[in-house]
Amino acid sequence: MKTFARATLALAAALAIPALQAKTLVYCSEGSPENFTPALNTTGTSFDAARPVYDKLTQFARGSTQVEPGLAESWTVSPDGKVFTFKLRKGVKFHSGVNGFKPTRELNADDVVFSFERQWKTDHPYAKVSGGKYDYFADMGLPDDLQSIEKIDPHTVKITLKRANVTMLANLAMDFASIHSAEYAEMLAKANKKEQFDQFPVGTGAFSFVTYQKDAVIRYKAHKEHWAAPAERALVDDLVFAITPDPTARFSKLKAGECHFVIAPRPADLPEMQKDPALKVISQSGLNIAYWAFNTQKPPFDKKEVRQALSMAIDRTAIIRDVYLGAGQPAKNLIPPTMWSYNDAIKPYPHNPNKAKEMLAKAGVKTPLAIDLWYMPVQRPYNPNAKRIAEMMQADLAKVGVTAKLVTYEWGEYRKRMQQGEHMTGMLGWTGDNGDPDNFFFLHGCEGARPGGQNLSKWCDKEFDSRLQKARSIADIKERTRLYQEMQAIEHEAAPDLKLAHSVVYEVMRKELSGYKQSPFGSHQFNGVELK
C-alpha cells in the first residue's frame, strides 16, 4: 500500500507541471521498462520506453511496414546479398546526457560499429554490462551470420555476412539495432560508471531522456536538433509516460484528460469509449499471436501426443467470445492470416475433451496430472486478460484430469524466467517487428531454444530449422512461401504450443491529439504527433 501511495504521489508531482503546458503529451503506458537499451530487451513495453531516444540505420515509415532511410541516408547491397554498405547522414546530433555528458562530435561510423559489436563480440568493453544478454541479436542468428562490421570512413559502414539474409534491411529497422553514442560509452567507462549507459540513455532520436521514477513516470523533452523532416520531429515540448498497469485506471485518466493516449483498453470498455465525443478509438488487425507454450524439455511435454491432447482440451472459441469479446480470431498458425505464406490448409486442433483424455491415456499419462500454467501479469495487445484466460484453461484442463496451478511474476521477471525455461507451460505472445514471416518463425528456431532464448517451448526440430535458415538466404518469394508453408505443417504436427488467438488491436486517444499513426508492429511512437 505504501509503495502504491509513493508511486501515486510521484506521478502526481511529475504531471503537475505538464498539466499547465499545452505542449506536453502524456501517454498512459501499461508497464515499466527493464532499462533503456533495446538490445538488452525483448518486450514491447521496454522498446516503447527507449524508442523516443534512439534512431536506427534503417527505419519503418510510421504506420507502415515500408523500410526507409534512417541514420543511413542510402545503402547498397552486393549481388550475392552478403555485403551491405551504408552511407551515414552528416550533421546528426546526439543528445546531452542527464549525468553531465556533452557530445563533442556528431554521429559517425564509430557509433554504428560500437552499437553492433557490443552485441556481437564477447570481449567488447560493454559486452557484460547490465547482464550482457542480447537475446534478440542471438535468436536471429546474427552471432553466427556476421563476418565483419567495418568503418570504411567516418560516414561509411560495411556489414558483411557469411551467408545471404534477405531480411537484413528490415531487421536493422528493429529496436535492437538502435545506434548509441560511442563517445558517451567512453566517458562512462573512464569514470567507472558503465552501468549508467543503459539507465540514462543518450541517442539521436526525436526526444531526449530526462528522468525515470520507477513504476511511476518517464519524462522526455524534444530534441530540437533532430535530423528528421519537420513533420517527423517532436512536435510537442515534452513527452511523459505515466505508467498505469491497470486498464480501468488508464481509461479513467484518459476521460479526465490526465493522459492523451492509451493502449490495450478492456474490450468491455470499448462501447463507452466509442460513444465519448472527447475520444477517438482506432483499430487494425494485429500482426500478432497469443499462444500457450509447452516446455518440451520437461516430461510429459516431451511427447507430442501429450501436447496435442492438451491442445484439444482447450475451448478457444469460448476464450475468443468471453475474453476477446469477439475482437480476435482463433489461431492455427504462428503467423496471422493477413501475412504472406500463411498455410490455410492446416486444420486447427478441435476442442475435444474425450479425445484428449484418450490420447493422454495412450501416451502413458496417469491422471490426475499436476502441471503449472503461467500467465502474464500485464495486458498485452494480443491478450486482453491473461489471468481470465488462464482460469478458463484451468477449468478446461480439469475436465481431462489435469490440475493446473496458476503462476505469475512481475512482468520483467516473468519473461526472464520463461526464457530460462523454468515453466512447464506458460502463456505469452508476439507482435511482428518487420512484416516478414521470418520474424515469427524464428520463435521456434533451434537457436532460440537455448536458456534465455525466445523459443519458449524449447523445441528444436532440424527439419523446421533447416528450412528457416534456407528461407533467409533466398529472395524468391515463391520458394520462401513453399518453405514457410512446410514449416507450418511441421510445427502443427509437433504442437510445441497451442496457438490461441490473433487479436484486433485497439488504441484510444483524446481528440486534441493529431498525427498519430497506428503501427502494424504494435509499437508506439510520438514523433510527428501534436496537440491542438
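The analysis underlying the following values was restricted to heavy atoms, covering all of them including side chains, and did not include hydrogens, waters or symmetry mates.
- Two residues are said to be in side-chain contact when any heavy atoms from C-beta on lie closer than 4.5 Å; Gln196 and Lys193 meet this criterion.
- Taking 4.5 Å as the limit, some side-chain heavy atom of Ile218 sits within range of a side-chain heavy atom of Ile243.
- Qualifying ring pair (Phe, Tyr, Trp, His ring centres under 6.0 Å) partners for His223, counting only residues two or more places apart in sequence or in other chains: His95.
- A cation-pi arrangement is absent between Lys56 and Tyr54, since the terminal nitrogen or guanidinium carbon is not both under 6.0 Å from the aromatic centre and inside a 45° cone about the axis.
- To the nearest 0.5 Å, atom CD of residue Glu258 and atom CZ of residue Arg510 are 10.0 Å apart.
- Residues meeting the side-chain contact (heavy atoms from CB on, under 4.5 Å) test with Lys387, sequence neighbours left out: Tyr375, Asn385, Glu391.
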Ser503/Asn288 under side chain to side chain donor-acceptor pair (under 3.5 Å): CA gap, chis, key distance, verdict = CA-CA 7 Å; Ser503 75; Asn288 62 33; 2.9 Å; yes
Residues Gln379, Arg250; criterion side chain to side chain contact (heavy atoms under 4.5 Å, CB included); working and verdict = CA-CA 12 Å; Gln379 199 176 11; Arg250 290 199 297 272; 2.8 Å; yes
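- Heavy atoms of other residues, nucleotides or ligands lying less than 6.0 angstrom from NZ of Lys280 number 12 at most.
- For Phe94 and Tyr184, the distance between ring centers is not under 6.0 angstrom.
- The aromatic ring centroids of Trp374 and Tyr409 lie less than 6.0 Å from each other.
- The side-chain contact (heavy atoms from CB on, under 4.5 Å) check on Thr85 picks up Thr76, Val83, Thr156, Lys158, with sequence neighbours excluded.
- Looking at Glu410, its side chain does come within 3.5 Å of a backbone N or O of Glu413 through a donor-acceptor pair.
- With contacts defined as side-chain heavy-atom distances shorter than 4.5 Å, the pair Val323/Met392 qualifies.
- No more than 12 heavy atoms of other residues, nucleotides or ligands lie within 6.0 Å of CG in Asn192, so this atom counts as exposed by the packing criterion.
- Residues satisfying the ring pair (Phe, Tyr, Trp, His ring centres under 6.0 Å) criterion with Phe441, sequence neighbours excluded, are Tyr484.
- Between the Asn108 side chain and the Pro154 main chain, no donor and acceptor come within less than 3.5 Å of each other.
- Checked by atom type and distance alone, the side chain of Arg89 pairs as donor or acceptor with a backbone atom of Gly70 at under 3.5 Å.
- Judged purely by atom type and a 3.5 angstrom limit, Gln518 uses its side chain to pair as donor or acceptor with the backbone of Val505.
- Between the Thr244 side chain and the Ala242 main chain, a donor and an acceptor come within less than 3.5 Å of each other.
- For Thr42 and Arg415, the side-chain atoms include at least one donor-acceptor pair closer than 3.5 Å.
- Side-chain contact check for Tyr134 versus Arg118: some heavy-atom pair is nearer than 4.5 Å.
- Between the side chain of Thr24 and the backbone N or O of Asp238, no donor-acceptor pair lies under 3.5 Å.
- Aromatic ring pairs are classed by plane angle as parallel below 30°, tilted from 30° to 60° and perpendicular above 60°; the pair Phe114 and Tyr126 is perpendicular.
- Under 3.5 Å, the side chains of Gln454 and Asp139 contain a donor-acceptor pair of N or O atoms.
- Of the charged side-chain nitrogens involved, at least one lies within less than 4.0 Å of a carboxylate oxygen, so that Asp175 and Arg51 count as a salt-bridged pair.
- If you check the side chains of Thr104 and Glu183, you find a donor sitting under 3.5 Å from an acceptor.
- With Pro336 as the fixed residue, the side chain to side chain contact (heavy atoms under 4.5 Å, CB included) test singles out one of Tyr342, Phe440, Tyr382: Phe440.
- Under a 3.5 Å cut-off, the side chain of His155 and the backbone N or O of Leu88 do not form any donor-acceptor pair.
- Between Phe526 and Phe261, the ring center distance clears the sub-6.0 Å criterion.
- With sequence neighbours excluded, the residues satisfying side-chain contact (heavy atoms from CB on, under 4.5 Å) with Val210 are Arg219, Lys221.
- Of the candidates Phe241, Phe200, Tyr212, Tyr220, Phe36 forms a ring pair (Phe, Tyr, Trp, His ring centres under 6.0 Å) with just one, namely Tyr212.
- Checked by atom type and distance alone, the side chain of Arg233 pairs as donor or acceptor with a backbone atom of Ala228 at under 3.5 Å.
- Using a 4.5 Å cut-off on side-chain heavy atoms (C-beta onward), Asp48 and His524 make contact.
- Asn333 is not listed as a side-chain neighbour of Lys499, based on a closest heavy-atom distance of 4.5 Å or more.
- A donor-acceptor pair under 3.5 Å is formed between the side chain of Ser252 and the backbone N or O of Thr248.
- With a 4.5 Å cut-off on side-chain heavy atoms, Thr167 and Asn439 do not count as touching.
- With respect to the salt-bridge test (charged N to carboxylate O, under 4.0 angstrom), the residues Glu272 and Lys255 qualify.
- Thr45 pairs by the side-chain contact (heavy atoms from CB on, under 4.5 Å) definition with Glu30, Thr43, Arg380, Trp411, not counting sequence neighbours.
- Salt-bridge formation is not detected for the pair Asp111/Lys151: no Lys NZ or Arg NE/NH1/NH2 atom is positioned less than 4.0 Å from an Asp or Glu carboxylate oxygen.
- In this structure the side chain of Asn165 reaches within 4.5 angstrom of the side chain of Asn171, judged on heavy atoms.
- Atom NZ of Lys90 has 12 or fewer neighbouring heavy atoms from other residues, nucleotides or ligands inside a 6.0 Å radius.
- Ion pairing between Lys224 and Asp237 holds under the 4.0 Å rule for side-chain N and carboxylate O.
- A side chain to side chain contact (heavy atoms under 4.5 Å, CB included) with His226 holds for exactly one of Asp55, Val92, Thr204; it is Asp55.
- Between the Gln119 side chain and the Lys133 main chain, no donor and acceptor come within less than 3.5 Å of each other.
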